[in-house]
Amino acid sequence: MQRRNRSLAGRRHPGARRRAYSRDQPRRRYVQHVLAEQAAQLRQWVEAGAAIYVCGSLQGMAAGVDAALREILGAERLLALQHEGGYRRDVY
């Protein structure tokens, strides 16, 4: 699938934005938890041409998010997205 040259992030989709606050509540909630909860929506967006950009900590967040994406999309689809430029990571 070729990446579409448009951004879903810039559009107003009801419920499109989810936040995860890992330190502001007694029960920690991380990005990978939100991804798992929104798995069906994430799959739809990816099939519609959305790109996934992961930026942040290599030590904690990046591995958890990558594992969640592999679980949701499958390792083969995630690898294909990466080769297409649809899955990019800037982790440090």
By side-chain contact (heavy atoms from CB on, under 4.5 Å), which residues pair with [X], not counting sequence neighbours?
X	value
Tyr53	Ala51, Arg88
Ala39	Arg43, Ile72
Gln41	Gln38, Gln44, Trp45
Ala80	Arg77, Glu84

Query - Minimum heavy-atom distance Val54-Val91, with the two atoms named - result: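 Taking every non-hydrogen atom into account, O-CG1, 4.1 Å.
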Report task. Measure across Ala68 and Gln32 and return the closest heavy-atom pair with its distance rounded to 0.1 Å. Result ->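 Taking every non-hydrogen atom into account, CB-CB, 3.7 Å.
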**Report entry** Residue pairs passing the ring-ring contact (aromatic ring centres under 6.0 Å, His included) test where at least one lies in residues 62-86, sequence neighbours excluded
**Finding:**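 Of all non-adjacent pairs touching residues 62-86, none passes ring-ring contact (aromatic ring centres under 6.0 Å, His included).
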Query - Ile52 side, atom CD1; Leu42 side, atom CG - distance, nearest 0.5 Å - result: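 Output value for this atom pair is 5.0 Å.
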Query - Qualifying residues under salt bridge (Lys or Arg N to Asp or Glu O under 4.0 Å), relative to Arg70, sequence neighbours excluded - result: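 With sequence neighbours excluded, Arg70 shows a salt bridge (Lys or Arg N to Asp or Glu O under 4.0 Å) to Asp66, given in chain and number order.
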Query raised in the report: Any link between Met61 and Leu58 through a network of hydrophobic side chains (Ile, Leu, Val, Met, Phe, Trp, Tyr) touching at under 4.5 Å?
Result: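 Yes, one cluster joins them.
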Query - Criterion side-chain contact (heavy atoms from CB on, under 4.5 Å) on Arg29 and Glu37, from CA distance to verdict - result: CA-CA 11 Å; Arg29 181 173 152 93; Glu37 291 165 4; 2.8 Å; yes
